[in-house]
Amino acid sequence: MTARLLSVDDEIQLIAAGTAAAPGSTASTCAPELAEGPWVFDLQSPTYGPGASMADPLPAEAPRQGVLPEEYTAASKSELDTRIRRAKETLGDSVVVLGHFYQRDEVVQYADFVGDSFQLANAAKTRPDARAIVFCGVHFMAETADILAQPSQAVILPNLAAGCSMADMADIDSVEEAWAQLASVYGSEPDAEGRVPIIPVTYMNSSADLKGFCGRNGGIVCTSSNAATVLEWAFERGQRVLFFPDQHLGRNTAKAMGVPVERMPLWNPRKPLGGSTADELTDARVILWNGFCSVHKRFTVAQIERARAAHPDVRVIVHPECPMPVVDAADGAGSTDYIVKAIAAAPAGSTFAIGTEINLVQRLANQYPQHTIFCLDDVICPCSTMYRIHPGYLAWVLESLVDGVVLNQISVPASVAEPARVALERMLAARP
Ligand code: 13P
Ligand code: SF4
């Protein structure tokens, strides 16, 4: 059984202060700078800030957060707590606060709904009277919520620098260019069964532009919960799939469906034909965009071996954004929702080693003290972009709403939102 763990933020603060971590907690972080307020990094380009995605380059056009007023950066935890609760009370049902599973506990405590990205976008639909949806997640999640929300609702991302390094690895220009090159190899004629040469599939973790691209080109969106169903949908209609941006989710899912790894070339947008020959592309079943999640890339087979040596009865569950050898070595792989449900359904006294973002793992460990639950990686390395949402930003956007000012609105233009909605609706209609 696990002793109650500190929040990820509290542990990071202790580590940065050089204080011994609490019993049962891990003792190091990949980026001690995370202990600083995210506003210290918001104005610094060109990286994402400290943490698991700090080495990924920030695209020039990625949104940047302006200066957070000093009254929020200087406020104590308890002052922010009072101000957030007061603003929420004043706003009542006119606002709904959404918190992603990976969000820090210090923010999740104010969320009306906590869930994965798609659950949250749908949760917002259950509150059509809320004029503002404050999305404590990352940019692509707020875009999806805006696409699915009522036109009268404003979706707010408390810190505009909360992007997703993986989503930013595939931009619309590179995907359009890849599509043109693939068309030059495949042409556009269907085969004898009426299947077109290639279908684009984008992971939910992508910009609205890419969802729109899929809507316009006979393609579809998937989440990590329904990727296999979506690939089946695509194979019924196409001879091949172009899957972006996450190579690992694409590879792990297609491999489990029996697609040989040799028939899944990687598309490198900086090379002609993505780095493959025309013959290799003709033989391909799934072309995998060269993207990855810096958080999930940290998990290794060696970590799994260590967990098994220390806990012979351990059940290892990882997210399918982990590299293929890690998924192969685990006992199970699935979305954040799958992980949450697997733990909820386990008999008391179970032991789990989890390969996903640390805020979710530590929260689960605290929610289920009857189990032993720990993160495969013993270095504390949260999703640094999700971490950009600090209570200071939440207080700022909520108090501004009280004053009638909508800050940081994420608004997807209709020309993108309409085809993106088509691709999302195809996903909803796809059934196993
Ligand atoms: P979900 O789709 O499960 O919310 O996961 C989002 C994510 O960012 C995973 O890395
Ligand atoms: Fe993006 Fe990875 Fe963070 Fe998820 S965990 S939001 S994929 S960087």
Side-chain angles (χ1 to χ4, degrees), residues 8 30-31 34 38 47-59 62 98-104 108 111 113-124 135-145 157 159 161-170 202-207 210-211 221-227 230 244-250 252-253 289 291-299 317-323 326-327 333-342 354-361 363-364 375 377 381-389 424 427:
V8 170
C30 60
L34 283 168
T47 61
Y48 284 90
S53 57
M54 68 193 299
D56 305 328
L58 186 68
L98 308 177
H100 189 267
F101 280 140
Y102 295 167
Q103 191 53 255
R104 53 168 95 198
V108 158
F113 294 94
V114 181
D116 67 24
S117 55
F118 191 58
Q119 286 169 337
L120 291 178
N122 278 321
F135 208 126
C136 299
V138 295
H139 192 261
F140 75 81
M141 299 177 187
E143 282 189 326
T144 307
L157 184 63
N159 182 343
C164 164
S165 55
M166 178 220 276
D168 289 341
M169 287 173 192
T202 192
Y203 186 21
M204 185 67 91
N205 299 27
S206 61
S207 68
L210 295 192
K211 294 183 179 81
V221 179
C222 77
T223 70
S224 49
S225 307
N226 62 18
V230 165
F244 43 82
D246 185 25
Q247 57 168 296
H248 299 297
L249 177 65
N252 288 321
T253 308
W289 198 265
F292 56 84
C293 165
S294 303
V295 176
H296 291 93
K297 205 180 71 167
R298 290 180 57 87
F299 296 108
I317 308 186
V318 301
H319 194 282
E321 287 175 17
C322 293
V326 175
V327 169
S335 63
T336 46
D337 187 48
Y338 169 91
I339 294 169
V340 169
K341 287 186 174 140
I354 304 295
T356 197
E357 209 269 355
I358 183 74
N359 280 284
L360 173 59
V361 181
R363 190 172 311 122
L364 287 168
C375 186
D377 186 3
C381 205
C383 169
S384 69
T385 47
M386 194 80 76
Y387 214 66
R388 297 298 258 279
I389 314 274
L424 284 161
M427 174 184 85

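Start at 1 and go down the list; that is how both ligands and their atoms are numbered.
Rounded to the nearest 0.5 angstrom, Ile339 CD1 and Glu357 CD are separated by 11.0 Å.
Defined by atom type and a distance below 3.5 Å, a donor-acceptor pair is missing between the side-chain atoms of Thr385 and Ser53. In this structure, a donor-acceptor pair under 3.5 Å is absent between the side chains of Asp168 and Ser165. No side-chain donor from either of Asp337 and Ser225 sits under 3.5 Å from a side-chain acceptor of the other. Donor-acceptor pairing under 3.5 Å is recorded for the side chains of Tyr203 and Glu321.
Residue Phe135 forms a side-chain contact (heavy atoms from CB on, under 4.5 Å) with just one option from Leu120, Ile389, Thr144, and that option is Leu120.
The distance cut-off of 2.8 Å around atom 2 (Fe) of ligand 2 captures these protein N, O or S atoms, sorted by chain and number: Cys293 SG.
No donor-acceptor pair under 3.5 Å is formed between the side chain of Asn226 and the backbone N or O of Met427.
By the 30° and 60° cut-offs, the orientation of the rings of His100 relative to Tyr102 is perpendicular.
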Report each N/O pair between ligand 1 and the protein that falls under 3.5 Å, naming both atoms.
from, atom 1, to, atom 2, distance (Å)
ligand 1, 2 (O), Ser117, OG, 3.1
ligand 1, 3 (O), Thr336, OG1, 2.5
ligand 1, 4 (O), His100, NE2, 2.6
ligand 1, 4 (O), Ser117, N, 2.7
ligand 1, 4 (O), Ser117, OG, 3.4
ligand 1, 8 (O), Asn205, ND2, 3.1
ligand 1, 10 (O), Glu321, OE1, 2.9
ligand 1, 10 (O), Glu321, OE2, 3.0

Exercise for review: Would you sort out whether His319 and Thr336 count as a side chain to side chain donor-acceptor pair (under 3.5 Å), showing the intermediate values?
Suggested key: CA-CA 7 Å; His319 194 282; Thr336 46; 5.2 Å; no
